Amino acid sequence: MSTLTPQRPADDTRSTDDPVSPTRERIFRRRGSGDFSTPSLGGLIGRYALLLFVLFLVIGPFVWQLSTSFKGPQENIYSFPPELIPREPTLQNYSKVADIVPVYLYAWHSLLVSVGTVVSNVVLSTFAGYALGCMRFRGKWIVMGILLSTLLFPGEVTVTSNFLTIRALGLADTLWGVFLPGAISAMNVLLIATACRMIPKDVLDAATVDGATTWQRIRHIVWPNIRGMVSVVAIFAFIGAWDDYLWPLIVLSDPSKYTLTVGMAYLNSSFSVDPRLIAAGTMIALVPIVIMFSFTQRFFFKGVQEGAIKG
């Protein structure tokens with residue numbers, strides 16, 4: 001008598017060696033679940049609602065300014081709810097800004113000061129941060145204490161002393177006078193020093209034993225591991241120098257040497273009270289910051305979290 005062998009179902013053709021498809025992880029926990037690391041459905045909705053609210057507060061004024069800069073003189077910019085898409089978009093506001101003030105000349109002055117500030121802060125902060133973070137010398141903690149103490153005073157406290165120094169050097173009413181006080185910042189030095197302290201001492205000592213000079217240690221060991229923090233210093237230095245208004249206003253007296261932030265004050269004077277022109281000027285002043293952050297944001301977000309030695 002022949003025995004009947006059970007037949008395998010037709011749809012069960014997958015081999016036991018086939019990889020099992022990964023299960024999709026839920027973004028919220030089910031009711032009664034003990035996994036408190038995952039938010040509940042209500043908590044997830046609340047988080048996204050709060051995120052959208054913060055996004056509206058941050059992006060809303062920028063979008064309104066951008067929309068206003070393209071609106072014609074006949075459009076109501078104060079309508080509620082605001083009309084973000086202009087009915088008759090025009091570039092006339094941007095051309096009027098250039099007619100009222102030499103905006104491109106002022107932008108060039110601001111660019112010179114900002115680029116110089118970035119270069120000086122990156123170079124000097126790297127060397128000073130390496131000395132404080134990786135070297136051992138007498139008086140190191142005294143220097144750290146002095147740098148930390150300078151952070152307790154607002155910038156307005158040192159305006160008078162800085163101006164007297166710049167005038168004594170004969171640099172008043174020059175772009176060099178605008179640049180020099182911001183050539184290096186104590187905060188940037190401390191940031192680089194913190195990044196340098198993340199480098200293991202054994203690696204630097206091994207490089208010293210192998211005969212590496214200070215420049216070689218900075219170039220081949222220190223620099224690859226602090227590039228993320230350097231990008232942070234570069235972005236903050238550029239934005240600070242580009243947006244600075246008080247110090248250029250004090251140093252410069254010749255209108256032909258103004259930076260962009262000081263020159264834009266003309267747009268808010270009695271000669272030009274049109275909010276459309278002010279919005280256009282604001283957009284012109286914002287473009288370089290957006291461009292720089294677009295090119296450096298990859299290093300900004302990726303490099304800040306770097307702490308391991310690269311091979």
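What's counted below: heavy atoms across the whole structure, side chains too, no hydrogens, waters or symmetry copies. None of these values were measured; they are calculated from a predicted model.
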Can you hop from [X] to [Y] via hydrophobic side chains spaced under 4.5 Å?
X: M283; Y: L91; answer: yes
X: L164; Y: V159; answer: no
X: I235; Y: M187; answer: yes

State, yes or no, whether a side-chain contact exists between [X] and [Y] at a heavy-atom distance under 4.5 Å.
X: I226; Y: T126; result: yes
X: L111; Y: W242; result: yes
X: F179; Y: T117; result: yes
X: F137; Y: L132; result: yes
X: L191; Y: S125; result: no
X: Y258; Y: P248; result: no
X: L147; Y: L190; result: yes
X: I192; Y: Y130; result: no

For P181 and N162, work out which heavy atoms get closest and say how close.
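Result for this residue pair: CB-ND2, 4.3 Å.
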Can you name the closest pair of heavy atoms from L277 and V97 and give their distance?
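Heavy atoms of L277 and V97 come nearest at O-CG2, 3.4 Å.
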What's the spacing between L51 CG and L55 CG if we round to 0.5 Å?
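L51 atom CG to L55 atom CG measures 6.5 Å (nearest 0.5 Å).
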Euclidean distance, L252 CG relative to H109 NE2, rounded to 0.5 Å
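Separation between the atoms: 9.0 Å.
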Do you know which of T259, V262, D244 makes side chain to side chain contact (heavy atoms under 4.5 Å, CB included) with S110?
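It is T259, the one option of T259, V262, D244 that forms the side chain to side chain contact (heavy atoms under 4.5 Å, CB included) with S110.
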Does atom CH2 (W108) have a neighbourhood of more than 12 heavy atoms from anything else shown, all under 6.0 Å?
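No, because the 6.0 Å sphere around CH2 of W108 holds 12 heavy atoms or fewer from other groups.
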